[in-house]
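Starting from 1, each residue takes its place in the sequence as its number.
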Amino acid sequence: MRRLLGAWAVGAMVAWGCGNTTEEPRNPGADENPARNEEPPPQVGQQPPDTEPPDPVDPVPTDPDPVDPVPTDPDPVDPVPTDPVVTVGPWPDEPVVNYSSRYGLGTVRAVAVDDAYNIWLLDGDRIGVLRPGDTSPRWTSGVGQAAPGFGPDKLALGSTVICGGSAGRAYVGYHTYELDSAFIYSPDGSNFPAYNDPDPARFDAVRYQEYQKGDLDVVKLQPDGSVALETHLSRSARSNGPQDVGIRNTNDHHFDEDRSVLSCTKVMRGKHRGQVYIGTNHGVTRIQGTVYNSHRHPVWFKPKPDGSLSQMAGYTYALGIAQNGDVLIGNEWSLGVVTPSELLADWDKTSQTLNPEKLNSYLQGLNSEPEMDLWRGIQQTTDGLYYVASKDYGLWKMTIARRSEAHGTRLSGLPTDRLTSLAATDDGSLFIGTEGFGLWRMEGQKGLSHVEGVNGTVVRQLLYDPTVEPAMLYVLTNAGLTVIRGH
């Protein structure tokens with residue numbers, strides 16, 4: 001598993017160089033994130049700086065696959081739901097509806113829908129809920145991480161994303177600054193990597209509180225329409241350490257690497273329906289109910305002057321679920337396709353039997369491996385083709401040659417290369433969010449066309465809900481929320 005600054009949870013499953021045409025073993029290096037301590041991760045709709053950080057200090061590597069402790073289950077995960085009967089649902093059955101004007105939504109930075117079709121809205125320290133039958137949302141301020149306000153001395157610098165969960169439940173992500181070192185001593189003071197030399201003098205109670213910053217809140221809807229904190233997500237799928245310190249690495253609780261939530265997606269159907277994946281400043285964390293497993297990520301290895309290698313894991317802004325339930329991952333450099341394990345507790349394990357990895361590579365045909373491709377969307381359409389969208393380099397069709405090699409073909413026809421999001425719909429379409437030119441649609445072999453009726457020029461988020469008929473595509477722009485039905 002992972003014993004290198006928290007990144008080995010995915011890096012170990014590719015023991016060869018990403019993008020090579022030959023699959024020769026490669027030794028893992030130390031982790032190196034695009035950590036921007038001077039500039040925190042941006043809010044939804046904003047773009048990150050493109051600077052690369054200095055190298056962190058490399059810890060001493062140990063056996064990458066130790067035996068996991070026997071787990072206990074302090075907080076059982078939710079039962080696997082069955083697919084419901086598809087109905088029209090409780091919202092207007094019209095081809096295009098401007099929800100912002102019809103329901104008076106006001107400012108919205110992110111949107112989600114839960115299993116009861118409550119529409120969740122996020123705006124800074126406010127969480128809004130528009131329930132079926134309501135004429136306007138009810139907003140609640142200061143819940144969970146937002147309660148003390150935002151700032152470097154608070155629990156978060158700001159909110160980022162929201163994802164729907166089971167009926168009346170949602171997940172709210174936050175961002176905070178990076179740590180110079182992700183390692184945090186537990187109260188016994190045992191040191192990495194052997195943890196056999198306890199020294200309580202090493203423990204720093206103030207630094208220990210860093211575990212609590214950023215991360216994810218689970219919130220719930222109250223009978224009166226207000227929102228309350230259910231829990232700050234803290235229950236790891238394997239109890240190998242404290243269970244009350246927010247998200248930390250499931251395979252080694254001493255590492256607090258996934259501190260900022262940058263993206264999220266909910267599994268809408270299939271055997272893992274209802275589970276949520278969040279993309280962070282380091283990897284992809286998987287959530288079932290109020291239990292998580294952190295983390296996995298595609299990586300590449302950067303040579304250092306001394307001959308060692310640094311493991312490069314970028315910010316994960318692009319997440320998707322393939323037609324067969326595979327998890328699609330795109331970070332600043334790399335792309336990944338992983339078939340999720342049956343058990344949540346196995347998500348971060350690097351076994352090709354438990355979590356078959358179909359891709360861990362950069363996209364050949366665009367930039368070289370060390371250059372950032374800045375992925376913002378990744379989807380698979382109903383014909384089985386993969387598409388990825390970049391913040392700066394446009395729309396690409398991706399072909400997987402092998403686990404460590406992907407090739408890309410750039411698609412023309414869009415008015416800009418600055419893309420923000422993708423959504424694949426059941427009618428075979430691919431919807432493309434742009435920065436400056438609104439929403440576009442690729443309809444099989446018919447080419448690309450602008451989608452009319454959606455106000456706004458900057459698409460901040462695309463959310464597809466196929467659990468109703470006609471299906472609903474939520475389009476959040478700088479001018480508000482529009483819902484398109486029938487795709």
Between [X] and [Y], does any side-chain donor sit less than 3.5 Å from a side-chain acceptor?
X	Y	result
K213	Y177	yes
H295	D258	yes
N191	Y185	yes
E178	N281	yes

Could I get the full list of side-chain hydrogen bond (donor to acceptor under 3.5 Å, both in side chains) partners for [X], not counting sequence neighbours?
X	value
D373	N367
R202	D197
D326	N324, T339, K358

Who are the salt bridge (Lys or Arg N to Asp or Glu O under 4.0 Å) partners of [X], not counting sequence neighbours?
X	result
K220	none
D256	R259
K266	D115
D153	none

Measure from the side-chain N and O atoms of [X] to the backbone N and O of [Y], and report whether any donor-acceptor pair falls under 3.5 Å.
X	Y	value
D465	M472	no
W120	V172	no
N355	K349	yes
T316	V284	no
T280	G283	yes

Looking at residues at least two apart in the chain, or sitting in another chain, which of them share a side-chain contact (heavy atoms from CB on, under 4.5 Å) with [X]?
X	value
F203	P187, A205, Y208
K154	P148
S368	P370, E371
T231	V218, T290

Verify the ring-centre separation between [Y] and [X]: is it less than 6.0 angstrom?
X	Y	answer
W375	Y393	no
H254	Y195	yes
F255	F192	yes

(Q) Less than 4.0 angstrom from a charged side-chain N to a carboxylate O is my criterion; do K271 and E342 meet it? (A)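 Looking at K271 and E342, the cut-off is met.
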Q: Please tell me if the side chains of Q212 and T176 come closer than 4.5 Å, counting only heavy atoms from C-beta onward.
A: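 No, every pair of side-chain atoms sits at 4.5 Å or beyond.
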**Q.** Side-chain heavy-atom pair I162, L121 within 4.5 angstrom cut-off
**A.**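 In short, these two side chains do not touch, never coming nearer than 4.5 Å.
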Q: Check the pair Q380 / Q323 against side chain to side chain donor-acceptor pair (under 3.5 Å), numbers first and verdict last.
A: CA-CA 7 Å; Q380 184 188 40; Q323 299 296 318; 5.2 Å; no
Q: Evaluate the side-chain contact (heavy atoms from CB on, under 4.5 Å) criterion for residues L419 and K391: first the C-alpha distance (whole Å), next the side-chain angles of each, then the deciding distance (0.1 Å), finally the verdict.
A: CA-CA 5 Å; L419 307 183; K391 180 183 79 71; over 6 Å; no
Q) Under the 6.0 Å and 45° cation-pi test, does R248 pair with Y211? A)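 No cation-pi geometry.
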Q: Quick one: do S390 and D392 satisfy side chain to side chain donor-acceptor pair (under 3.5 Å)? Show the steps, please.
A: CA-CA 5 Å; S390 168; D392 286 345; 6.0 Å; no
**Q.** From S239, S236, S186, residue fulfilling side-chain hydrogen bond (donor to acceptor under 3.5 Å, both in side chains) relative to H253
**A.**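 Answer after filtering S239, S236, S186: S186.
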Q) Testing L319, N331, L328 for side chain to side chain contact (heavy atoms under 4.5 Å, CB included) with I378, which one passes? A)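 When L319, N331, L328 are each tested with I378, the side chain to side chain contact (heavy atoms under 4.5 Å, CB included) holds only for L328.
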**Q.** ring pair (Phe, Tyr, Trp, His ring centres under 6.0 Å) against Y292, all qualifying residues, sequence neighbours excluded
**A.**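 Listed in chain order: nothing, the list is empty.
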(Q) As a quick check of understanding, evaluate salt bridge (charged side-chain N to carboxylate O under 4.0 Å, His left out) for D244 and R235, giving each step before the final call. (A) CA-CA 7 Å; D244 59 352; R235 295 287 185 181; over 6 Å; no
